[in-house]
Amino acid sequence: MESSTSKCKYFIFLLLLLSIQQVVSYEYKVGDLDAWGFPTSANPLVYTYWAKYHPLKLGDSVLFLYPPSEDSVIQVTEEAYNSCNITDPILYMNNGNSLFNITKYGVFYFTSGQPGHCEKKQKLRVSVSGNGTADAPDPGTSAAAGAGGPSYQNVFGSIPAASSSTSIKSSVFFITTALVIGSALLNF
């Protein structure tokens, strides 16, 4: 009898551990310490690399920071993204502190809503797949950004953003908590 009780407690512990891991979500700041703006000549593929190294999943949020008097962000179709057509966006955000919540799987396309910005590679493509990973286009397929134009990288100073290391620390915290709770259940 005690053996089946221990197995049941162990099973409950595993379910608890899995459920805690699945509900953790993060807010990622696009560009990390750089604000949403033209890519610099030193880092022309900033948004391609950003998407590649920030695995988004359901429940996560993407934060765009920019001077609202000088820029905006729009969600567009793949065709509009590729052609830099900003005339018919899916979603328009212009408050300088724009948050996009990932509520479904799929590919999401964003660009600046200001004329000429998309052509200077101020655009982002993220893909959220069913396995919780994100992908981005190969950096080798993107053209380098043109020189000139404003760069907003220091407008807001050093703004802390959720990074991969923060995500890992949070996951370790939740796993450790689940282990402590599971151990307590097993000792009943």
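Quick caveat: nothing in here was measured; it's all calculated off a predicted structure. Both backbone and side-chain heavy atoms feed into the values below; hydrogens, waters and symmetry mates do not.
The two residues G96 and P68 make their nearest non-hydrogen contact at N-CB, 3.8 Å. The two residues V128 and L58 make their nearest non-hydrogen contact at CG1-N, 4.1 Å. Minimum heavy-atom separation, S25 to G59: CB-O, 3.2 Å. When every heavy atom of S98 is checked against every heavy atom of M93, the shortest pair comes out as OG-CB, 3.2 Å. Considering all non-hydrogen atoms of both residues, D60 and Y26 come closest at OD1-N, 2.7 Å.
Side-chain contact, S83 with N85: no donor N or O sits under 3.5 Å from an acceptor N or O.
Remark: side-chain polar atoms of N95 are paired, donor with acceptor, to backbone N or O of N97 under 3.5 angstrom. Of the possible donor and acceptor atoms, none in the side chain of K57 sits under 3.5 Å from a partner among the backbone N and O of Y105. Listed for the D71 side chain is no donor-acceptor partner under 3.5 Å among the backbone atoms of Y66.
Y53 and L45 fall within a single hydrophobic cluster, where Ile, Leu, Val, Met, Phe, Trp and Tyr are joined by side-chain heavy atoms under 4.5 Å apart, directly or via other members. Criterion: ILVMFWY side-chain heavy atoms under 4.5 Å apart, direct or through other members. Under it, Y92 and I90 are not part of a common hydrophobic cluster.
Qualifying ring pair (Phe, Tyr, Trp, His ring centres under 6.0 Å) partners for Y109, counting only residues two or more places apart in sequence or in other chains: Y81.
Here the SG atom belonging to C118 is positioned 11.5 Å from the CG atom belonging to L124, to the nearest 0.5 angstrom. The CD1 atom of I102 lies 11.5 Å from the CD atom of E27; values are rounded to the nearest 0.5 Å. S61 contributes atom OG, which lies 4.5 Å from atom CG of L99 (distance to the nearest 0.5 angstrom).
Ring geometry, Y47 versus W36: the interplanar angle falls from 30° to 60°, so the pair is classed tilted. Taking the six-membered ring where tryptophan is involved, the planes of Y28 and H54 are perpendicular, since the angle between them exceeds 60° and thus also 30°.
The side-chain heavy atoms of I86 and T111, taken from C-beta on, include a pair separated by under 4.5 Å. In this structure, V126 and F110 have side chains that are in contact, with non-hydrogen atoms separated by less than 4.5 Å.
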Take L63 and L65 through the test side chain to side chain contact (heavy atoms under 4.5 Å, CB included) and record every step on the way to the result. CA-CA 6 Å; L63 176 65; L65 292 178; 4.2 Å; yes
Pair F100, F64 - check ring-ring contact (aromatic ring centres under 6.0 Å, His included), show working. CA-CA 8 Å; F100 180 82; F64 296 85; 7.9 Å; no
Would you give me the side-chain donor-acceptor pairs under 3.5 Å for residues 72-79, sequence neighbours excluded?
residue : atom : partner : partner atom : Å
S72     : OG   : G113    : N            : 3.3
T77     : OG1  : A80     : N            : 3.1

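Shown are H117, K123, E70, E119; of these, the side chain to side chain donor-acceptor pair (under 3.5 Å) with S112 is made only by H117.
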